[in-house]
Peer 1: 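Could you have a look at this structure, given as structure tokens, before my questions?
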There are 2 protein chains.
Amino acid sequence: MVKITDVARQAGVSPSTVSYALSGKRPISDDTKRRVEEAIRELGYRPHAGARALASSKSNVLALVVPLRAGIHIPVVMQFAVSVVTTARRYDHDVLLLTQEEGEEGLRRVADTALVDALILMDVQLQDPRLPLLRVLERPSVMIGFPASSEGLTCIDLDFKAAGEVCVEHLAGLGHRAVALVGSPPEVYVRQTAFAQRVVQGFTAAADRHGLASSVHPCEAASGAARKVAERLLREQPALTGVVVHNEPLLEPLIDAFEQLGLRVPGDLSVTAICPDELAESVRVPVTSVALPSADIGTRAVELLMRKLDGTEVPEATLLAPRLTERASTAPRNA
Amino acid sequence: MVKITDVARQAGVSPSTVSYALSGKRPISDDTKRRVEEAIRELGYRPHAGARALASSKSNVLALVVPLRAGIHIPVVMQFAVSVVTTARRYDHDVLLLTQEEGEEGLRRVADTALVDALILMDVQLQDPRLPLLRVLERPSVMIGFPASSEGLTCIDLDFKAAGEVCVEHLAGLGHRAVALVGSPPEVYVRQTAFAQRVVQGFTAAADRHGLASSVHPCEAASGAARKVAERLLREQPALTGVVVHNEPLLEPLIDAFEQLGLRVPGDLSVTAICPDELAESVRVPVTSVALPSADIGTRAVELLMRKLDGTEVPEATLLAPRLTERASTAPRNA
DNA sequence: TTCCTCCGTCGAAGCGCTTCGACGTCACGC
DNA sequence: GCGTGACGTCGAAGCGCTTCGACGGAGGAA
């Protein structure tokens, strides 16, 4: 193994000079820098991560805690993870993958052993048991999603309430007078995951504001459930002409179910969704949707963390404004 | 920060004794061990990962390289990653997440900086550019999937050839005489990813052996493509009564398409798949399938790696025998 | 010209841990 | 009763890097 002293010898300088040439923390003459770089290249030198972490008390590793619970759309998690890794690399950091399963003990472990410098958590619940820990941990963290109180923490997420509102407003603007929300599986609500509830709040508030008849239906993500909920909607709300879907795996089956029940989309029924653009575009009838910008959120989360590591102040809450893209699934009522 | 010397003082022993009590590498009296453990608990001591890595030249971290290319079913990747993390934890290791995007340079980086002790690679291609690197890297690795030559490397995967055969044999056993394989997207074959080709080999070989008429159809994973391929199959192969699907996202849409074309499953058409059991069970007509045991593979991959880290010899190739589960989508011909 | 400052570099200390050799003690066998 | 291990513990060295203080020399100010 080639070490910094080898490089120093080869370049005719001291080890500390090599270190400074690498880190830029002290001025080094161009000539010296060049010789050092050359020596590094010739010898194929790579600084030892552990030694570096020990001496500098920085591991340049971020922890990413991913959920593995039911009711969460896996591709979104994955896309998010990839964008975190990619962005972290831009800042010369790596990403350690943890599962929710490890719980608070896992967080404490990687933080206290100095394995990681900072943490990113996904799938935060309203009363998340990890919150107190994050507040006392001596390492910065960013949460994807919002707990009941984000006091002293840093959170980022799509503004789901606004997303629910935007969907309703789009439908109201098209003249629809009765709308329904097909939501996430019941367990997601029971778990008190904020984003699902926020959509409901936004949806209901906007519907009330516009004087629309509305109803909310949590729904399993199995395609069998699509048919059932479709039938039920038509039975209970015969005047229904607008539907908001906040349940990725159900989107396509639900549209199929409506069509099989004799309703054309968007002729008889307008459908909007809150989901990744990718999914919305890939449905047989491309769906008007509010984008779930997982890649964007991942990038921003890492950027927030980097600023915290720099000692910069960052806002406690970052809510991304919803962006609705019109596609083929919505049309004016009675068009 | 509390360090090993603090623990040593508190327990009235030397730092090295604490270290040995922790690692068990030398005998320590029960009494001393107890006092050390107590001191650790009282002080909340956590060994510094970097210091440990430096002194022991072991980071206790594994690298996991995940693919992010098209044509790969994301939930499978995720499930795999989770099982790797979970198993690694059982062996007191953590997992660093890398993307394929980082390429060979990324592998070299984490290996040469001693950030990780070993590597796991997914989505290996027949002529994978990373192979030469893996052979010279001074760290053990395990690959999920098989390259053209696994000489000197360690690979593990489902036996996809046998999986293709098992599907055909199941159909042949039910009396079917004309079968088709609906495969992965074309780009997966172009990329020379072994598993897709192996399925084709097994499928074709078994069909020939049993004297069945057969055809192979790579297919996009979009649900629009399902309808097209279904129509094409019926047109080109009117006698068709058995289909093997090796394309997760297409499974359900394809069955829908067949039914909309007037074919009942399994009445007129028997369908088998190679996919996660979870998926096969969740389809409206539960599908007879060969399981894609991602969790199992992940676990085994980590176990192989641990044995290599121990210096134990492991087999170069581990092929998991296919396991076919009969469900509602297959029935005897002309039942 | 002298003094001070800033630049570029060096040497040494030290980050917190593991590990090696050494040493005292105790039990056992002859 | 004494040699001989094995057991349990200690001290010191060192893993490879960063960083701090120091220092010589050049350049500008006085």
Peer 1: Grab the CZ-P distance between A:Arg46 and D:dC17 for me, whole Å please.
Peer 2: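 Taking atom P of D:dC17 as the reference, CZ of A:Arg46 is at 13 Å.
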
Peer 1: Mind jotting down which residue pairs meet the ring-ring contact (aromatic ring centres under 6.0 Å, His included) criterion with at least one end in residues 99-132 of chain B? Sequence neighbours excluded, please.
Peer 2: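 Listed once each, the pairs would be none.
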
Peer 1: Can a side chain N or O of A:Ser29 be found less than 4.0 Å away from OP1 or OP2 on C:dT9?
Peer 2: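 Yes, because at least one side-chain N or O of A:Ser29 sits under 4.0 Å from OP1 or OP2 of C:dT9.
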
Peer 1: Would you indicate whether A:Glu313, at its atom CD, is surrounded by more than 12 heavy atoms from other residues, nucleotides or ligands within a distance under 6.0 Å?
Peer 2: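 No - once you tally the heavy atoms of other residues, nucleotides and ligands closer than 6.0 Å, there are 12 at most.
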
Peer 1: B:Arg35 CZ to D:dT9 P: how many Å, rounded?
Peer 2: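 Roughly 8 Å, once rounded to whole Å.
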
Peer 1: Rounded to whole angstroms, how far apart are CE on B:Met1 and P on C:dC15?
Peer 2: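 In whole Å, C:dC15 P lies 11 Å from B:Met1 CE.
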
Peer 1: Rounding to a whole Å, what distance do you find between B:Lys33:NZ and D:dG8:P?
Peer 2: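 Whole-Å distance recorded here is 9 Å.
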
Peer 1: Taking the side chain of B:Thr32 as its heavy atoms from C-beta onward, which of C:dC15, D:dT9, D:dC15 lies nearest to it?
Peer 2: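 Looking only at side-chain atoms, B:Thr32 lies closest to D:dT9.
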
Peer 1: Is the shortest heavy-atom distance from the side chain of B:Leu126 to the side chain of B:Pro147 under 4.5 Å?
Peer 2: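 Counting from C-beta outward, B:Leu126 and B:Pro147 never come under 4.5 Å.
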
Peer 1: To the nearest angstrom, how far is B:Leu115 atom CG from D:dG16 atom C1'?
Peer 2: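 That distance rounds to 14 Å.
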
Peer 1: Taking atom CD of A:Glu151 as the centre, report whether more than 12 heavy atoms of other residues, nucleotides or ligands fall under 6.0 Å from it.
Peer 2: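 No, because the 6.0 Å sphere around CD of A:Glu151 holds 12 heavy atoms or fewer from other groups.
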
Peer 1: Give the minimum heavy-atom separation between B:Phe146 and B:Ala194, together with the two atoms involved.
Peer 2: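 Shortest heavy-atom contact: O-CB, 3.0 Å.
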
Peer 1: Answer yes or no: is there a side-chain heavy-atom contact under 4.5 Å between B:Met143 and B:Val124?
Peer 2: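 Contact flag for B:Met143/B:Val124 side chains = yes.
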
Peer 1: For each nucleotide in nucleotides 18-27 of chain D, reading 5' to 3', give B when a protein heavy atom comes within less than 4.0 Å of its base, S when such contact involves only the sugar-phosphate, and - otherwise.
Peer 2: BBBBB-----

Peer 1: Mind calculating the distance between NE2 (A:His48) and P (C:dC17) to the nearest angstrom?
Peer 2: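 Whole-Å distance recorded here is 16 Å.
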
